[in-house]
Amino acid sequence: MRPSSTSSSFALPFHLRLLFFLWALMSFRGAAQGTKKGSTVAAPTHECPKGYEMIGKQCEKVEYAPAEVRCPSGYKPDSSNKRQCVKVISHPPDVDCPDGTEKFDGKCVTTKRADPQMRCPKGYEKKPGEMTCIRVMQLHPKEECDEGTYRNGVCVRKKYEDPTPSCPDGYDFQPHRHKKHTRQLQAKKEPPPKKSPPPKHHKKTAPAPEKHHKKEVTPPKTHHKKHVVAAPKHHKKGDHADGVCVKQVAGPAEGVCPDGYERRNGTCVALEQTDTEKECPEGYEYTANDECVQEDQLVATASCDDGELVDGVCKKEEILDEVIKCPAAYTYNNQTGNCEKSVCQIMTEPPETVCSDGSPPPCEKEEEVLPQFTCPPDYEVVNNTCVRMRTANVTQKCPEGYTLRNGVCERVREANEEPRCPKGTILSEDGTVCIKYVEARPDYDCPPEYDLEKDRCVQELQGQPKLLCPKSYEYKDNMCEKTQQVPPTRYCPPKYYLINGECVTDVYQGPARQCSDDTTYNRNTGMCEGKAYEAKETYCPKNYSPVEGDEKGARCQRVDTAKPKRSCPKHFVYDDKTGQCVQAKKTSRVRHLKGK
């Protein structure tokens, strides 16, 4: 804390401090007399703001705040001694292992070794005299056909021939792909013959072969034979799958008028009508009421029955007389000019001046009304404007080629007859006859040993399939074989591990643990544990510092500074050059008169 020698002078009584100040001021004025030619000087006084003290040449104020006492980082208060802090120390112990052992993971380890044993994977056998495990894999060969489909152990392929169609007398065979006209089927359709269901295919059950390149195996020699399906029917009714038998029947076409035309005197005619075009004389407009109308407008003449026309409005001024009005039960006294009422004593009220119609002044009234509008003969007043409507006759006109008849424009159009055919027939290309197509089923003939399926003749042929083995397999004794070889695996006795071709196990021994001087070994945690002590530290708020000489360290202080305020005696001003108070010069008051 700052010394308090200066504060003791301010502790003197007020009258002694005032005498000391006057003495110092007079002494300084006598010493400084003549320093400035023709002037008197005085020393300035310095004042500090409220709460500040003058220390040297500046004002200072000391603020205090309580200090915070706490433990350093990582420490906590000691419950047995409030002035100190404690921290728990913990670290792993040092380990010393006996001869023949190694330190590993905080323990002493002895390594034991044993020879590994050999064994083959499941399904493999050890090859005598060799360090190899073998397994023979077998698969049934797959049967495939170069042509046709595999069925019941044989390859079946179909040979096709086109059947020969035949039609009844008067009919021509027409393939469906060449049809150009809509035909009506007149012949009775015969139901198609029932077909026997195809035989079910039975495949040999074999393990799924590997998806690799297949190797063709020479099958056992067999004799190929030609297989014929049942006794074929060489003549069957067609089912429209490929064509139809067609017969053409022709008849004359009938002439008719086009749609919208009617026959008159052997000619196809049609009457067309359209609305007339409306026209009005020049300057007239056609209205929805079927009239030609022309509208003329003039400015209407405005006039006033009473008053004066000003800016399109009739204005009338009226001046009313002013009347003196007293409150109820009061009487106006002309001599006193007041309203009076006698109730034990005379009571007065100031009179009220109103207009003769009872309204308040001023009594000059102005009234505005709309003027009257007049128009010349044949005109009407519409919205303050003179309007005259004139009408004219509407002229009707027809487009070119039309004739006006009964208020409608008409013209007659002619057209040639068009050939028409009855339903179910079509018109020939030259437009002279109507053609009707009658259809019938064709008959189909197949060669010997062929059967008719839909629209084709079919013969089935059989052959032996090829036997195929997967890649890396060999055909042997009607089977596909492959020999697999793998090295045997090594294994160790229980609790041994295979490391670099040897079976190894670790035998653990209890270590000799050592702790530092300030700690002791804890068997529960396996750590060396102890305590460290530190004194509590004092912390001050921001911008504060500990108070010097405070043994308890319970307070912090902050010193604020401010510039003192200078002041001079009355009629003196401060001189920046000399740093003194200088007496102000007196100026004579001179009145300046104009013209003198």
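Residue numbers count from 1 along this sequence. Basis for what follows: all heavy atoms, side chains included, without hydrogens, waters or symmetry-related copies.
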- prompt: So do E144 and P465 actually touch side chain to side chain, heavy atoms under 4.5 Å?
  reply: no
- prompt: Under the side-chain contact (heavy atoms from CB on, under 4.5 Å) criterion, do M479 and H140 qualify, and how do the steps go?
  reply: CA-CA 5 Å; M479 294 294 290; H140 290 280; 3.4 Å; yes
message: Taking the side chain as everything from C-beta on, heavy atoms only, tell me whether Y379 gets closer than 4.5 Å to D296.
response: yes
field: Over 12 foreign heavy atoms within 6.0 Å of CD, Q58
entry: yes
message: Around atom CD of E481, are there more than 12 heavy atoms from other residues, nucleotides or ligands closer than 6.0 Å?
response: yes
- line: Smallest heavy-atom separation, P419 atom then L427 atom, equals CG-CD2, 3.9 Å
query: How would you list, by chain and number, every residue that makes a salt bridge (Lys or Arg N to Asp or Glu O under 4.0 Å) with E262, sequence neighbours excluded?
result: R264
query: Can you name the residues that form a side-chain contact (heavy atoms from CB on, under 4.5 Å) with A392, not counting sequence neighbours?
result: P281, Y284, C292
Gap between atom CD of Q138 and atom OH of Y473 - 0.5 Å precision: 10.0 Å
- prompt: Would the number of heavy atoms belonging to other residues, nucleotides or ligands and lying under 6.0 Å from CG of D290 be above 12?
  reply: yes
query: Do Y171 and V438 come close enough that some side-chain heavy atom pair is under 4.5 Å?
result: yes
task: Return yes when atom CG of L298 has more than 12 non-hydrogen atoms of other residues, nucleotides or ligands closer than 6.0 Å, and no otherwise.
output: yes
- prompt: Should V394 and E279 count as side-chain neighbours, where that means a heavy-atom distance under 4.5 Å?
  reply: no
message: On a heavy-atom basis, which atom in C434 and which in P252 lie closest, and how many Å separate them?
response: SG-O, 4.1 Å
- prompt: Is C540 close to S545 at the side-chain level, that is, under 4.5 Å between some pair of heavy atoms?
  reply: no
task: Could you tell me the separation between the SG atom of C409 and the CD atom of Q396, rounded to the nearest 0.5 Å?
output: 8.0 Å
task: Answer yes when E277 and K397 have at least one side-chain N-carboxylate O distance shorter than 4.0 Å, and no when they do not.
output: no
Atom of E417, atom of G255 and distance for their closest heavy-atom approach: OE1-CA, 4.0 Å
- prompt: How far apart are the closest heavy atoms of C280 and E285, and which atoms are they?
  reply: SG-C, 4.1 Å
message: Could you tell me if the side chain of T276 sits less than 4.5 Å from the side chain of K278, heavy atoms only?
response: yes
- prompt: Could you give the distance from CD1 (I435) to OG (S428), rounded to the nearest 0.5 Å?
  reply: 5.0 Å
message: I need the F173 CZ to S166 OG distance, nearest 0.5 Å.
response: 9.5 Å
message: Could you go through D560 and Y52, starting from their C-alpha distance and side-chain angles, then the distance that decides it, and tell me whether this counts as side-chain contact (heavy atoms from CB on, under 4.5 Å)?
response: CA-CA 9 Å; D560 291 341; Y52 285 77; 3.9 Å; yes
task: Would you check, one step at a time, whether the test salt bridge (Lys or Arg N to Asp or Glu O under 4.0 Å) holds for E254 with R420?
output: CA-CA 5 Å; E254 179 186 0; R420 295 282 178 90; over 6 Å; no
Partner set under side-chain hydrogen bond (donor to acceptor under 3.5 Å, both in side chains) for E418, not counting sequence neighbours: none
message: When you compare the side chain of C167 with that of P442, does any pair of heavy atoms fall below 4.5 Å?
response: yes
- prompt: Judged by atom type as modelled, is there a donor-acceptor pair below 3.5 Å linking the side chain of D430 to the main-chain atoms of T432?
  reply: yes
field: Gap separating the CD atom of E414 from the CG atom of N416, nearest 0.5 angstrom
entry: 9.0 Å
statement: Closest non-hydrogen atoms of C469 and P141, given as atom of the first, atom of the second and distance, are SG-CB, 4.4 Å
Residue pair E143, L467: steps toward the side-chain contact (heavy atoms from CB on, under 4.5 Å) verdict: CA-CA 5 Å; E143 298 178 337; L467 302 178; 3.3 Å; yes
- prompt: Roughly how far apart are C556 SG and K542 NZ, rounded to 0.5 Å?
  reply: 15.5 Å
Contacts table for residues 265-274: side-chain donor-acceptor under 3.5 angstrom, sequence neighbours left out:
residue : atom : partner : partner atom : Å
E272    : OE1  : Y402    : OH           : 3.3
E272    : OE1  : R411    : NE           : 2.9
E272    : OE1  : R411    : NH2          : 3.1
E272    : OE2  : R413    : NH1          : 2.9
Q273    : NE2  : E410    : OE2          : 2.7

message: Using a 6.0 Å cut-off, check whether atom CG of D275 has over 12 heavy atoms from anything other than its own residue.
response: no
pair Q248-Y437: side-chain heavy atoms closer than 4.5 Å: yes
field: With D576 via salt bridge (Lys or Arg N to Asp or Glu O under 4.0 Å) - residues at least two apart
entry: none
Please tabulate, for the side chains in residues 153-163, all donor-acceptor contacts under 3.5 angstrom to protein atoms that are two or more places apart in sequence or on a different chain.
none

query: So, for T425 and C421, which heavy atoms are closest and what is the spacing to 0.1 Å?
result: OG1-CB, 3.2 Å
